[in-house]
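Below is one structure, written out as structure tokens; the observations come after it.
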Amino acid sequence: MAQTLYDKIWDDHVVYSDENNDLSLLYIDRHYIHEVTSPQAFDGLRINNRKVRRPDLTFATVDHNVPTTDRSLPIVDQISSLQIKALENNCKEFGISLFDMNDKYQGIVHVIGPELGLTLPGSTIVCGDSHTSTHGAFGSLAFGIGTSEVEHVLATQCLWMKKSKNFEIVLNGGLKNNSNISSKDVILNIIRQIGTSGGSGSVIEYKGDYISSLSMEKRMTICNMSIEGGARAGLVAPDDTTFNYLRGRIFSPRNESFERMIHDWKGLRSDNGAKYDRTFSINIDNLAPQVTWGTNPAMTVDVDSVIPTPDEYSKGNDEEKKSAIKALKYMDLEPGIPITDISIDRVFIGSCTNARLEDLMEASEAVKGKKVSDSVKAMVVPGSQQVKHAAEKLGLDKIFTNAGFEWREPGCSMCLGMNPDILKAGERCASTSNRNFEGRQGTGGRTHLVSPIMAAAAAIAGKFVDVREWV
Amino acid sequence: MEPFRNLASKVVPLDIANIDTDQIIPKQFLKLLGKTGYGQYLFFNWRYDENGNPTENFVLNLPKFKGRQILLTRENFGIGSSREHAVWALKDYGFKVVIGVSFADIFYNNCTKNGVLVIKLDKNTIDDFFSTKTDDDFEIDLAQQQIRINSTIYSFEIDPTIKNSLESGIDEISKTLQLESRIKKYEDKKNLTVQPNTIL
Ligand code: SF4
């Protein structure tokens, strides 16, 4: 029977299927760990006197809590420091590789997995973090899990799963779009159309000429935010772009064994005639830059339009209308205001969605030779040490700092503000991250999600601008 | 995990759709190293004002809702971050059951692993609960898959495996470890080693 890419990866990892229900025990090839969702899992192991089954397939880093300022100074927040310490101890005790705060490979877990060559096509990957969907860009089945499941994978290297539905999203056009339109605009527009629960219970496979034309970094941005569309995972079939990205990375297989793997990986695509439970297609010719106005990522509009009324947004759905009213109040916005009239106080360029080298290069283009608006505080937080160094080699740090941006050490930073990088109540931020929930970047803070170049241009202008006209 | 026991309680009606886990437990409380103690921070940003005083109208602060063990909500509850702390907070606060129209996948899984029963009902029923049943006793019967309110019975669906694990409270890891030989066989068949190519 014709199979989807998801079906193929699934079948290849079933260790056992329970006949009495539709649960399967799946083998997990890679388990990524960070400091926030793991301490209770390790505790569980200790209480029950269990070991980590495959420490060699488990990789840890610190990202959520770490300060992004000078790393040689002690961490001010005692509790963060405890959590980081706890991870160090747990990794030592259970024999797990850790890229710690001073490691040259440290970074956001979803940035370092791919760049180290740990994320490979056709594999299963989990992490106690919902944006694990990022790794699906390599044609790997990658999804976020809770702490109980982290403990289960540590102990057994397996996970009980019920198969999700197959959801196909075909992306056409866009090849002649203005070069300032990015994959962030594409995924925001998709979420705007399918809603935050549109992908619920599904694994989304992205297909079409547009996705094939994208670099790995841009594919990652799209897969990253699949979770914001409610999906468990996003997938892109691996191709030459994928193989070339992986060639020569630190943990990538080498030489003949790599070529042999490429041969196998070429079979990782959906068969003709494979059945999907749902199909959605989108033509992204003429797509405008996207900006969120509300408190979930589906509350998105084109930069050249206005804040919608709750009725326009909710299209007759009462609950959505209530959400929109609540969101407008929280965001302190009125329907009818042009997006380009909204001034901002802060700019955050970072996160596992948009803090890779290409993101920083694009953002720097909008900044070169200009100055950040006097009313704006702006920062760039590279996704990893490797990204940071590569960017510095290209002189991007100078471009940003000369313009008045802060240039920080890698981590999650203001994506969720567990470290000192937070918005003050009432502050409005143009952010390249993935969630605009109430208080996400700091209690009372107001987040507008945008692409890196949109965020960079907003920093200069002090308000949102249409980057298609930006020179 | 404690086995789930049937219970009777009134509900706490939280009449908001699309509640994300950042609202259920804001990130500043994710730094504890244990699984308990999160109840005091549940819905923190809605429950307290800037000065740390309880907000007047938020449901959890209204005396009549104190001690109720069932949370009634709407569509799309638990979206966003995978943090299991959201469930630990609900549980620690005293909620044993959450009833709503729909739930995010990871949140749903996290509930079942912590002995919290999640019941999905259609929108009309939930609308009716919100408008007419917020002061009625709900009798939750997992074995029968029923909610009984006064003399009306509402049946609900639940995956048999989840039902079973809630009823037995059996540790899932022990169950999986019984399949050790199959896991081993799978590992032997595949070449799973990872080796760095340079000295790290
Ligand atoms: S950058 Fe943000 S979304 Fe990504 S892993 Fe860190 S906190 Fe989560």
Side-chain angles (χ1 to χ4, degrees), chain A residues 15-16 18 20-21 23 25 27 29 36-37 39-40 43 48 50 56-57 65 79-80 82-83 86 105 118 128-130 144-149 151-152 155-158 160 162 196-197 200-201 230 232 250-252 254 296 319-320 322-323 326 416-418 425 435 437-440 443-444, chain B residues 15-18 20-23 26-28 30-35 44-46 50 74-76 79-85 87-88 101-102 104-107 109-110 113-114 123 159-161 171-177 179-180 182-183 185-187 190 192-198 200:
Chain A
V15 171
Y16 173 76
D18 192 337
N20 303 317
N21 53 46
L23 284 176
L25 189 65
Y27 198 83
D29 297 317
V36 176
T37 55
Q40 294 84 356
D43 254 6
N48 294 294
R50 290 178 176 136
D56 58 325
L57 304 182
N65 268 337
I79 316 178
S80 289
L82 274 180
Q83 231 171 25
Y105 300 127
L118 285 167
D129 188 284
S130 55
I145 55 178
T147 301
S148 296
E149 292 171 314
E151 184 180 336
H152 191 278
T156 67
Q157 201 59 29
C158 294
W160 289 102
K162 193 179 196 159
T196 55
S197 58
S200 218
R232 200 66 202 274
I250 294 157
F251 286 93
S252 290
R254 276 276 148 120
N296 76 49
E319 294 312 316
E320 290 301 330
K322 275 196 265 172
S323 294
K326 192 164 180 285
L416 92 167
M418 275 190 79
R435 287 189 175 139
F437 298 150
E438 283 186 25
R440 168 83 176 181
T443 309
Chain B
D15 194 358
I16 302 172
N18 300 317
D20 57 78
T21 51
D22 277 77
Q23 304 319 315
K27 75 261 163 175
Q28 62 268 38
L30 305 188
K31 294 179 183 175
L32 302 178
L33 300 172
K35 289 190 184 183
F44 189 85
N45 291 342
W46 291 343
E50 307 84 76
R74 288 202 173 265
E75 288 84 3
N76 231 353
I79 55 172
S81 153
S82 62
R83 60 187 70 160
E84 199 158 315
H85 310 67
V87 180
W88 298 333
V101 181
S102 56
D105 293 344
I106 302 179
F107 175 81
N109 278 345
N110 285 343
K113 314 249 162 189
N114 286 280
K123 185 170 176 347
D159 182 285
T161 321
D171 170 15
E172 199 180 41
I173 296 179
S174 325
K175 219 175 76 189
T176 308
L177 288 174
L179 295 167
E180 162 66 30
R182 289 177 190 264
I183 302 174
K185 208 165 109 204
Y186 182 93
E187 285 175 328
K190 300 242 165 176
L192 296 164
T193 48
V194 201
Q195 287 264 303
N197 295 304
T198 39
L200 290 175

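Within every chain, numbering begins at 1; the chains are lettered A, B, ... in the order of the sequence lines, protein sequences first and strands thereafter.
- For the pair I106(B) and S130(A), the tightest heavy-atom approach, listed with the atom from each and the gap, is CD1-CB, 4.2 Å.
- Nearest heavy atom pair, residue S323(A) against residue N18(B), reads OG-ND2, 3.4 Å.
- Contact tally against chain A (heavy-atom pairs below 4.5 Å) for Q23(B), E75(B), K185(B): the top residue is Q23(B).
- Smallest separation of non-hydrogen atoms from L177(B) and A155(A): CD2-O, 4.0 Å.
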Give the C-alpha distance, both sets of side-chain angles, the deciding distance and a yes or no for salt bridge (Lys or Arg N to Asp or Glu O under 4.0 Å) between D22(B) and R440(A). CA-CA 7 Å; D22(B) 277 77; R440(A) 168 83 176 181; 3.2 Å; yes
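- Heavy atoms only, all atoms of each residue included: S80(A) and K31(B) are closest at OG-NZ, 3.1 Å.
- No side-chain donor-acceptor contact under 3.5 Å links K190(B) to the backbone of D29(A).
- Side-chain contact annotation: E84(B) with S148(A), donor-acceptor N/O pair under 3.5 Å present.
- The shortest distance between side-chain heavy atoms of N45(B) and E438(A) does not fall below 4.5 Å.
- In this structure the side chain of Y27(A) reaches within 4.5 angstrom of the side chain of L192(B), judged on heavy atoms.
- Taking both residues in full, the closest heavy atoms of E319(A) and A17(B) are given as CB-CB, 3.9 Å, listed atom of the first, atom of the second, then distance.
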Could you give me the CA-CA distance, side-chain angles and deciding distance for V194(B) and D56(A), then say whether side-chain contact (heavy atoms from CB on, under 4.5 Å) is met? CA-CA 7 Å; V194(B) 201; D56(A) 58 325; 5.7 Å; no
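- The most heavy-atom pairs under 4.5 Å with chain A, out of E172(B), H85(B), K35(B), come from E172(B).
- Among the candidates G146(A), S200(A), G439(A), G444(A), the residue making the largest number of heavy-atom pairs closer than 4.5 Å to chain B is G146(A).
- With a 4.5 angstrom heavy-atom cutoff, L118(A) touches chain B only via side-chain atoms.
- The contact between E151(A) and chain B is made by backbone and side chain atoms together, counting heavy-atom distances below 4.5 Å.
- Side-chain N or O atoms of E149(A) include none that pairs as donor or acceptor with a backbone N or O of K113(B) at under 3.5 Å.
- Per-residue heavy-atom pair counts under 4.5 Å with chain A were compared for I183(B), I16(B), N110(B), I79(B), and the maximum is reached by I183(B).
- R182(B) touches chain A through backbone and side chain together, each having a heavy atom under 4.5 Å away.
- Separation of atoms CG (L30(B)) and OG1 (T37(A)) is listed at 9.5 Å; rounding is to 0.5 Å.
- Side-chain contact check for F44(B) versus T443(A): every heavy-atom pair is 4.5 Å or farther apart.
- Neither the backbone nor the side chain of S102(B) comes within less than 4.5 Å of any heavy atom in chain A.
- With a 4.5 Å cut-off on side-chain heavy atoms, Q83(A) and L33(B) count as touching.
- Counting only heavy atoms from C-beta outward, the side chains of N296(A) and D20(B) never approach each other to under 4.5 Å.
- No donor-acceptor distance shorter than 3.5 angstrom exists from the side chain of D105(B) to the backbone of R232(A), with no hydrogens or angles considered.
- Taking CD1 from I145(A) and CG from N109(B), the interatomic distance works out to 10.0 Å, rounded to the nearest 0.5 Å.
- One finds the CG atom of D129(A) at 5.5 Å from the OG atom of S82(B) (value rounded to the nearest 0.5 Å).
- Within the 4.5 Å cutoff, no side-chain heavy atoms of P26(B) are placed close to those of M418(A).
- Between D159(B) and K162(A) there is a salt bridge, since a side-chain N of the basic residue sits under 4.0 Å from a carboxylate O of the acidic one.
- Using a 4.5 Å cut-off between heavy atoms, L23(A) contacts chain B through its side chain alone, with no backbone atom that close.
- Residue E50(B) does not touch chain A at all, counting heavy-atom pairs closer than 4.5 Å.
- Heavy atoms only, all atoms of each residue included: T176(B) and H152(A) are closest at OG1-NE2, 2.6 Å.
- Residue with the most contacts toward chain B among N48(A), T196(A), T147(A): T147(A) (heavy-atom pairs, distance under 4.5 Å).
- When R83(B), Q28(B), Q195(B), K123(B) are compared by the number of non-hydrogen pairs under 4.5 Å with chain A, Q195(B) comes out ahead.
- A salt bridge is absent between K175(B) and D18(A); no separation between the charged side-chain nitrogens and carboxylate oxygens falls under 4.0 Å.
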